[in-house]
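Along the sequence shown, the residues carry numbers beginning at 1. Just so it is clear, the values below take in all heavy atoms, side chains as well, and ignore hydrogens, waters and symmetry mates.
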Amino acid sequence: MSSLPTYSAVALPVVAPAELTTKQPALRSKPIEPPASPCRFCGAPLDVTFVDLGTSPLCQNHVRPHEFNCAEPFYPLHARVCRECFLVQLDEFVTSEEIFQNDYAYFSSYSASWLRHASRYTDMAATRFGLNAQSLVVEVASNDGYLLQYFVAKDIPVLGVEPALNVAEVARSKGINTLGRFFGRETAQYIAATSGQADLLLGNNVLAHVPDINDFVAGMQLLLKPNGVITMEFPHLLRLMEGNQFDTVYHEHFSYLSFYTVERIFAHHGLTLFDVEELPTHGGSLRIYARHTGCPEWPLSERVAELRNRELAAGVTDLTYYADFEEKAKETKRKLLEFLIEAKRAGKTVVGYGAPGKGNTLLNYCGIRTDFLDYTVDVSPHKQGNFLPGTRIPICHPDRIWDTQPDYVLILPWNLREEIMDQMAGIREWGGRFVVPIPEVQVFE
């Protein structure tokens with residue numbers, strides 16, 4: 001029978017309590033943060049925080065009734081700014097396929113004001129660029145055909161590129177030629193070989209949604225005719241910061257773009273921005289106009305230099321410009337929770353209007369659930385009957401507001417507040433009031 005091993009005793013030094021107290025802080029380390037990915041444009045390390053909003057689920061993955069008792073994944077919402085090219089960005093935690101190809105819930109045609117915006121754009125573009133039956137208009141992220149339908153009505157040939165297959169099918173049902181693929185170099189080469197290059201290549205609210213922005217812009221350069229034009233619309237980083245629009249940070253938005261940075265990205269791929277417009281949409285957007293760098297047909301507008309200089313004067317190339325944005329988000333959170341706590345203690349009822357991506361960032365960041373918001377409503381039947389991700393707030397038909405007559409309606413898509421307040425003006429009959437959370441809490445009679 002073997003005996004157990006023996007160990008010789010080791011004398012340990014006696015440490016006095018006072019010595020323990022003085023030495024302990026030296027043993028403490030800084031909080032551990034997972035390493036961020038390199039900048040998606042220039043590859044520089046990302047070590048400067050823009051805003052950290054904790055964790056949140058994917059904003060368009062609405063919870064169906066049979067999934068209510070199932071857990072859902074949460075991912076960090078920690079945006080950083082590149083110290084080299086000043087692109088503000090999120091890490092990529094889930095693939096684009098997971099976000100956009102799993103029964104995507106956003107359909108552009110449910111916003112009347114957005115349809116009017118699209119119609120005005122097609123009138124402008126057809127005239128300015130001389131589009132006709134021999135032209136080809138290609139829209140990247142064409143959604144349900146909300147915009148291309150107006151070119152079709154003018155007998156201008158179109159092709160939509162839409163990766164959300166359920167949404168692309170709706171566009172096809174309207175008679176709009178739509179390719180169900182993600183856009184990049186490979187798709188651009190396929191379209192050029194099968195349909196030809198584009199006279200007008202456009203994309204609204206897609207540039208911020210692509211994880212590989214170099215592949216995307218390189219694809220546009222390949223697909224554009226030698227004298228063709230690109231237009232892109234996207235939320236303007238300066239307006240986002242000035243308007244404290246932190247809720248527009250969510251996982252579908254990989255990048256947050258200044259004109260300065262976009263100009264650098266396009267130039268890197270042989271494209272020149274020759275004009276720019278500032279738009280009120282989505283809280284303040286840019287519409288950029290691009291051409292091949294060697295194309296002489298579209299001269300530079302004075303607006304390009306004016307906006308570039310204005311951004312530089314504001315400080316977009318100085319990291320201190322981005323330093324206090326997170327604290328503004330925290331203060332807005334405090335004020336919104338103070339309002340809701342006071343309203344609930346007074347016995348008031350509060351409901352939401354809308355189920356947009358930005359609303360899910362706001363509600364999850366602020367910890368607002370059915371203890372504060374009884375339900376929300378949305379005009380899209382694709383969202384009704386489900387629950388908001390994370391907070392599990394039920395999404396109802398707008399008629400629910402008339403049935404329950406709440407004291408307050410919190411407008412989650414605050415960029416559409418005028419449209420919504422006009423549609424829902426009848427709540428004033430019972431003394432109902434509207435609440436807009438961004439840039440800070442405002443109550444409208």
Between [X] and [Y], does any side-chain N to carboxylate O distance fall below 4.0 Å?
X	Y	answer
Arg308	Glu263	yes
Arg334	Glu331	yes
Asp47	Arg83	yes
Lys344	Asp407	no
Arg310	Glu278	yes
Glu169	Arg172	yes
Glu242	Arg239	yes

Any donor-acceptor N or O pair under 3.5 Å, side chains [X], [Y]:
X	Y	value
His78	Arg80	yes
Tyr121	Glu233	no
Glu92	Tyr75	no
Asp275	Ser301	yes
Glu162	Thr178	no
Asn132	Lys154	no

[Y] backbone acceptor or donor facing [X] side chain under 3.5 Å:
X	Y	value
Lys333	Tyr365	yes
Thr248	Gln245	yes
Ser285	His236	no
Ser135	Ile156	no
Asp378	Gly354	no
Arg287	Val276	no
Gln89	Leu87	yes
Glu419	Leu416	no
Glu311	Phe259	yes
Asp374	Val351	no

If you compare all heavy atoms of [X] against all heavy atoms of [Y], which two are closest, and at what distance to 0.1 Å?
X	Y	result
Cys59	Asn360	O-ND2, 2.8 Å
His269	Ala218	ND1-CB, 3.7 Å
Ala171	Gly145	CB-N, 3.8 Å
Ala125	Phe151	CB-CZ, 4.1 Å
Gln423	Tyr353	OE1-OH, 3.2 Å
Ser255	Ile213	OG-CD1, 4.4 Å

Positive for side chain to side chain contact (heavy atoms under 4.5 Å, CB included) with Met232, one of Leu257, Val206, Leu202: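 With Met232 as partner, side chain to side chain contact (heavy atoms under 4.5 Å, CB included) holds for just one option, Val206.
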Do [X] and [Y] come within less than 4.5 Å of each other through their side chains, counting heavy atoms only?
X	Y	value
Glu326	Asp52	yes
Pro65	Asn386	yes
Phe74	Asn364	yes
Tyr146	Leu115	yes
Val63	Leu388	no
Ser56	His251	yes
Phe182	Thr187	no
Ile420	Trp414	no

is_close_aromatic([X], [Y]), centroid dist under 6.0 Å:
X	Y	result
Trp298	Phe129	yes
Phe434	Tyr408	no
Phe325	Phe50	yes

For [X], does the [atom1] atom sit with more than 12 other heavy atoms under 6.0 Å from it, leaving out its own atoms?
X	atom1	value
Glu429	CD	no
Lys348	NZ	no
Tyr190	OH	no

Using 30° and 60° as the class boundaries, would you call the ring planes of [X] and [Y] parallel, tilted or perpendicular?
X	Y	value
Trp114	His282	perpendicular
Phe86	Tyr322	parallel
Tyr256	His253	perpendicular

Evaluation steps, side-chain contact (heavy atoms from CB on, under 4.5 Å), between Leu336 and Leu362: CA-CA 10 Å; Leu336 179 57; Leu362 179 77; 4.0 Å; yes
Worked verdict on Phe254 versus Asp91 for side-chain contact (heavy atoms from CB on, under 4.5 Å): CA-CA 7 Å; Phe254 295 102; Asp91 280 338; over 6 Å; no
Steps toward side-chain contact (heavy atoms from CB on, under 4.5 Å) verdict (Arg40, Asp212): CA-CA 7 Å; Arg40 61 175 32 92; Asp212 191 343; over 6 Å; no
Trace of the side chain to side chain donor-acceptor pair (under 3.5 Å) decision for Tyr250 with Gln60: CA-CA 10 Å; Tyr250 47 88; Gln60 294 291 353; 5.9 Å; no
Criterion side-chain contact (heavy atoms from CB on, under 4.5 Å) on Thr231 and Ile288, from CA distance to verdict: CA-CA 5 Å; Thr231 73; Ile288 58 171; over 6 Å; no
Verdict with reasoning, Thr404 to Tyr375, per side chain to side chain donor-acceptor pair (under 3.5 Å): CA-CA 11 Å; Thr404 60; Tyr375 60 85; 2.4 Å; yes
Rounded distance (nearest 0.5 Å) linking atom OG1 of Thr391 with atom CG of Leu373: 8.0 Å
Residue pair Arg392, Glu72: steps toward the salt bridge (charged side-chain N to carboxylate O under 4.0 Å, His left out) verdict: CA-CA 11 Å; Arg392 305 300 173 95; Glu72 58 191 314; 3.0 Å; yes
